[in-house]
Amino acid sequence: MSTEEKPAAPRSLAEALRARDDASLAALLRSRPDLITPVPTDLTQLATRAGTRASVVRALERLDRFALQTAEALAVAAEPAPYGELLALLGGDDADPDVAAALPPALGVLRTQALVWGDDDRLRLVRTARELLVPSPQHPSPTGLGPTVREATAGMSPGRVQEILTAAGLPSTHDPVSAVAALTDLFDDRTRMAALLADAPAESREVLSRLVWGPPYGQVTHDPAAHLRWLLDRGLLLPTAPGTVVLPREVALHLRAGRAHRTPEPVPPPVAAAAAHSPKVVDATAAGQALTALDTVEELLKDWHEGGPAVLRAGGLSVRDLKRTAVALDVPEPVAAFWVELAYAAGLLASDGEADERYAATPAYDEWRELPAAERWARLAEAWLRTTRVSGLVGGRDAKDRTLSALGPGLDRSAASEVRHRVLALLARLPEGAAPDTASVLARLAWERPLRAPRREERVERGEDPRARLARWALSEAELLGVTGRGALSAPGRALIGAPAPRPPADAAQAAQAASESSAPVAGPGDRLPVHRRTPPAAAPLSAAEQAAAAGSAARILAPLLPEPLDHVLLQADLTAVAPGPLRRPLADLLGVLADVESKGGATVYRFTPGSVRRALDAGRTAADLHAFLAAHSRTPVPQPLAYLIDDVARRHGRLRIGAASAYVRCDDDATLSEILADKRAAGLGLRRLAPTVLAAESDPGGLLEGLRAMGFAPAAESAGGDVLIARADAHRTPPRTAPEPVPDGPPVPDDALLTAAIRAVRAGDLAATAPRKAGPGDTGAPPAGGGLPRTGAAETLATVQAAVLTGESLWIGYVNAEGAASQHVIAPVRVEGGFVTAYDHTADEVRTFPLHRVTGVAELAD
């Protein structure tokens, strides 16, 4: 009776990878995309790359807390470690059922990412990961454990080891190795250790209790007290340096009831709801905030339409310009920085690139303004979700103690986009209308990425977690933008991240179940997290096309929530106009020129002033145009004071003409010019009369315009031909600009097509590197060490290839291409002619033609 032979256990990570199927290799490359950049030549190179320090550190940083605790436990376990020992280290003697349930998925994540390999009876942590996580005096382990007895006694004299055995009640041995083994067996034996510690003085047990959870190191004098001497004599404390002692790992594990961690965290902390609102109220609040966001961005760029603030030499806005912008928008400076950065991220704002470089709207802004309101909001929300620039850093300092300015360098944080996505995905798991407790969101994010380190250029305040700061900013920015309403995720915000719309629970039991399911792990762009319990599928990362489709869906959901634009206002006798809702584009544009915004809210109040009316006349409108415009768009009669104001400003507008001499003023009424010359306020303009109707000025035309307007006149600028210059709102635009690209958080996740091609190439290269060949004289038939190419003479190469054509056998060849790059191939020759061999190339899975003079050698493959 025959039985199937059990496959041999892998002896290396490369062999473990070689035993994987294509789906498993694809999962590895998807979770660690740095391994595929560039595509490795074979599985041995893939295993080598997976063990490099930079790659292992990146993989460890993307583990959740329990998967990381599993890796830390493996680092302090024996190597290789059986599954039972790992379970005991994590669950302790009490065998925590939550740990038992969560360990297989967590171990599966470590195996998928090639951080752990081997069967359950021989689990091995990748060597680099073990070196990073194993306890040492320079790098203490999060477990708080110290070295083993064998490591702590490595430099101890044999006589001293025997003395410890005798004091511990053990028989002496013939050599230090067996003595250390006997002491280790004692400390690993729960019964004998309990009996040994039962005789310990109370002060000795107190010392052990202070060291048990770490740090395991303590200080002693050259003449220790009696209770310390009792511990040192029995090896319960071992010296590591003069005056320093350590608690051996085996002793600590006994005192901890076998647990490597003080508090294992197999289950992610749930996200708690701080308040519950009606979904309709949430969506209505979010829609109102979305309208405010659109108005704010338009107001910002309208304020900069003639050329915004100057660009600093190092890039960005000055502190003074940011303060002016905040005053103009009537918001705090951090909020103003957010709107400025959002417009920049959406490609609506950029520097003009002129010699006197300034910020201004881009041509994309004019296209954006013509879109429906819901689509304009979706553009802003999508830009916010994907950008890696963080406005919350404005005003802070970088690692070189330089101030970070809005629109300046140093504001990119590669984790920002991922954190925003994760925060919104966590909100999507809550019941509809529920606002989260911020502390629970931060705790969940800390569980998902406990090792995520700040960037080197980021200055982190003491005790502050950079990801927590990003999460707090994401919550506040989502509320400003209208992605959330009253703290709860809105329906458009849910569609923005591609989350399915929640189904209303039928009863209280289903509602409770929905709330409990909110503690499921959430996946973000570029990674997959283990599912420790039966939970709904995690939010999948969105590609660029999927994100655009999600933004379109969010716009369609938002559109019915927004009020219809109005085509009328209500004029009042106090020179104000009330817009009871958003206005249509032509009406809003002209009214914004003709009047100043006095207040905003559910209704917008505009005020007419001489300056605002003059602004409309400067833009090319006549008094008749303005009267007709107001009569056509007002639901109330045009008040007499407003009509008088327009006529009065229009009567005086343009009587004075200013042009370039340096600058001049001309007027048909010489009495008006005499009045200007007699005014003391005109002294700084440097005016002098050239003719009865002409004054020359030392200031430039722009300064002269402002000066005369401040004096109460209404001058108009004119061209060299004497025509009145019309100032338009969209006069200054930058050249076409693209939105800033996000800073990638490592290599991008490969798509399915790239994964398929990469795996095929790696398999083929591995076949060429490991294929056994027929042994020649004095040859073993094994591939050359280090992946070297076969070497044969030209005549032998030609004869071997011709023979393979006749027999149909495959060959292993070395080949050097025209660029000098060497490679290996397994081919099946079809024909040889004209100095070329045509063959089916197993490594490329295609028929190719190889010049024989570039073939370095051939070898026949073993059967």
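Owing to the predicted nature of the structure, the values given are computational and were not obtained by experimental measurement.
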Engineer: Quick one, T693 with R666, criterion side chain to side chain donor-acceptor pair (under 3.5 Å). Give me CA distance, side-chain angles, the key distance, then yes/no.
Structural biologist: CA-CA 5 Å; T693 59; R666 70 180 182 88; over 6 Å; no

Engineer: Are any side-chain N or O atoms of D596 and backbone N or O atoms of R607, one a donor and one an acceptor, separated by less than 3.5 Å?
Structural biologist: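 No, D596 side chain to R607 backbone: no donor-acceptor pair under 3.5 Å.
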
Engineer: State whether the number of non-hydrogen atoms from other residues, nucleotides or ligands found under 6.0 Å of R621 atom CZ is greater than 12.
Structural biologist: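 For R621, atom CZ is not crowded (no more than 12 foreign heavy atoms under 6.0 Å).
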
Engineer: Distance check, rounded to the nearest 0.5 Å: T576 atom OG1 versus L571 atom CG?
Structural biologist: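 One finds 8.5 Å between OG1 of T576 and CG of L571.
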
Engineer: Any donor-acceptor pair under 3.5 Å linking the side chain of E375 with the backbone of W368?
Structural biologist: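 No.
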
Engineer: Nearest 0.5 Å, please: how far is CZ in R486 from NE2 in H277?
Structural biologist: 6.5 Å

Engineer: Is the shortest heavy-atom distance from the side chain of D366 to the side chain of R733 under 4.5 Å?
Structural biologist: yes

Engineer: With side chain to side chain contact (heavy atoms under 4.5 Å, CB included) as the criterion, how do R494 and I557 come out once you've worked through the C-alpha distance, each side chain's angles and the decisive distance to 0.1 Å?
Structural biologist: CA-CA 10 Å; R494 192 179 299 272; I557 294 174; over 6 Å; no

Engineer: For L407, does its backbone N or O pair with a side-chain atom of E341 as donor and acceptor, under 3.5 Å?
Structural biologist: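 Yes, E341 side chain to L407 backbone: donor-acceptor pair under 3.5 Å.
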
Engineer: Taking D625 for the side chain and T622 for the main chain, is one N or O donor matched with an acceptor at less than 3.5 Å?
Structural biologist: yes

Engineer: Hey, could you give me the CG/CG distance between L424 and L385, rounded to the nearest 0.5 Å?
Structural biologist: 6.5 Å

Engineer: Answer whether the closest heavy-atom distance between the side chains of H627 and I646 falls below 4.5 Å.
Structural biologist: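 Touching, per the 4.5 Å side-chain cut-off.
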
Engineer: Is there a side-chain contact between L470 and L445 (heavy atoms, below 4.5 Å)?
Structural biologist: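 No. Closest side-chain heavy atoms not under 4.5 Å.
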
Engineer: Decide yes or no for T296 and F338: does some side-chain heavy atom of the first lie under 4.5 Å from some side-chain heavy atom of the second?
Structural biologist: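 SC-SC contact between T296 and F338 ruled out.
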
Engineer: Taking all non-hydrogen atoms of both residues, which atom of A416 and which atom of T387 are closest, and how far apart?
Structural biologist: CB-O, 4.4 Å

Engineer: Between T388 and R413, do the side chains contain an N or O donor and an N or O acceptor separated by less than 3.5 Å?
Structural biologist: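 Per modelled atom types, T388 and R413 side chains form no pair under 3.5 Å.
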
Engineer: Under the side chain to side chain donor-acceptor pair (under 3.5 Å) test, which residues partner D321, sequence neighbours left out?
Structural biologist: S318

Engineer: Take L626 and V613 through the side chain to side chain contact (heavy atoms under 4.5 Å, CB included) test and state the conclusion after the steps.
Structural biologist: CA-CA 9 Å; L626 299 182; V613 174; 4.3 Å; yes

Engineer: Considering all heavy atoms of both residues, which atom of A717 and which atom of L705 are nearest to each other, and what is their separation?
Structural biologist: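 That would be CB-CD1, 3.9 Å.
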
Engineer: Mark yes or no for whether D283, through its side chain, and A491, through its backbone, hold a donor-acceptor pair below 3.5 Å.
Structural biologist: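 A pair under 3.5 Å: yes.
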
Engineer: With sequence neighbours excluded, tell me which residues meet salt bridge (Lys or Arg N to Asp or Glu O under 4.0 Å) with D574.
Structural biologist: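 For D574 there are no salt bridge (Lys or Arg N to Asp or Glu O under 4.0 Å) partners, ignoring immediate neighbours.
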
Engineer: Side chain of R376, backbone of L371: donor and acceptor closer than 3.5 Å?
Structural biologist: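 Indeed, once roles are kept as given, a pair shorter than 3.5 Å links the two residues.
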
Engineer: Would R389 and E741 satisfy salt bridge (charged side-chain N to carboxylate O under 4.0 Å, His left out), going step by step from the backbone distance to the final call?
Structural biologist: CA-CA 10 Å; R389 292 183 63 85; E741 287 295 324; over 6 Å; no

Engineer: Given R422 and R467, is the side chain to side chain contact (heavy atoms under 4.5 Å, CB included) satisfied, shown in steps?
Structural biologist: CA-CA 11 Å; R422 286 182 175 277; R467 287 176 63 84; 4.0 Å; yes

Engineer: Report yes if some heavy atom in the side chain of L562 is under 4.5 Å from a heavy atom in the side chain of L558; otherwise report no.
Structural biologist: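 In contact.
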
Engineer: Taking C-beta and beyond as the side chain, do L475 and T438 meet within less than 4.5 Å on heavy atoms?
Structural biologist: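 Side-chain contact under 4.5 Å: yes.
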
Engineer: Can you name the nearest heavy-atom pair linking A345 to A739, along with the distance?
Structural biologist: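 Minimum heavy-atom contact is O-CB, 3.3 Å.
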
Engineer: Got a donor-acceptor contact below 3.5 angstrom from the H633 side chain to the F629 backbone?
Structural biologist: yes

Engineer: Answer yes or no: does atom CZ of R709 have more than 12 heavy-atom neighbours from other residues, nucleotides or ligands under 6.0 Å?
Structural biologist: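 Yes, enclosed.
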
Engineer: Would the number of heavy atoms belonging to other residues, nucleotides or ligands and lying under 6.0 Å from CG of D647 be above 12?
Structural biologist: yes

Engineer: Side chains of L594 and L630: does their closest heavy-atom pair fall under 4.5 Å?
Structural biologist: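 Counting from C-beta outward, L594 and L630 do come under 4.5 Å.
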
Engineer: Answer whether the closest heavy-atom distance between the side chains of L480 and W339 falls below 4.5 Å.
Structural biologist: yes

Engineer: Do S490 side-chain atoms and V483 backbone N/O form a donor-acceptor pair below 3.5 Å?
Structural biologist: yes

Engineer: E354 and R358: salt bridge (charged side-chain N to carboxylate O under 4.0 Å, His left out), yes or no, with the steps?
Structural biologist: CA-CA 7 Å; E354 302 290 341; R358 293 183 172 274; over 6 Å; no

Engineer: Between R584 and E564, does any side-chain N to carboxylate O distance fall below 4.0 Å?
Structural biologist: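 Salt bridge: no.
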
Engineer: Can you name the one residue among V319, L404, L322 that meets side chain to side chain contact (heavy atoms under 4.5 Å, CB included) with V394?
Structural biologist: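 Exactly one candidate clears the test, L322.
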
Engineer: Judged by atom type as modelled, is there a donor-acceptor pair below 3.5 Å linking the side chain of S674 to the main-chain atoms of D670?
Structural biologist: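 Present.
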
Engineer: Distance check, rounded to the nearest 0.5 Å: F713 atom CZ versus D679 atom CG?
Structural biologist: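 Those atoms lie 6.5 Å apart.
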
Engineer: Which atom pair, heavy atoms only, marks the closest approach of L291 to P582?
Structural biologist: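 Scanning both residues, the minimum pair turns out to be CD1-CG, 4.3 Å.
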
Engineer: For residues R615 and A595, report the shortest heavy-atom separation together with the two atoms involved.
Structural biologist: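 Nearest heavy atoms, R615 then A595: NH2-O, 3.3 Å.
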
Engineer: Might you point out which heavy atoms bring L317 and S405 nearest each other, and give the distance in Å?
Structural biologist: O-CB, 3.3 Å

Engineer: Does any N or O in the side chain of E479 come within less than 3.5 Å of the main-chain N or O of G487, such that one atom is a donor and the other an acceptor?
Structural biologist: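 The answer is yes, because a donor-acceptor pair under 3.5 Å joins these two groups.
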
Engineer: If you round to the nearest 0.5 Å, how far is CG of L348 from CD of E367?
Structural biologist: 10.0 Å

Engineer: Rounded at 0.5 Å granularity, tell me how far CG in L587 sits from CG in L591.
Structural biologist: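 One gets 6.0 Å once the value is rounded to the nearest 0.5 Å.
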
Engineer: W304 and L300: side chain to side chain contact (heavy atoms under 4.5 Å, CB included), yes or no, with the steps?
Structural biologist: CA-CA 7 Å; W304 290 5; L300 167 69; 3.9 Å; yes

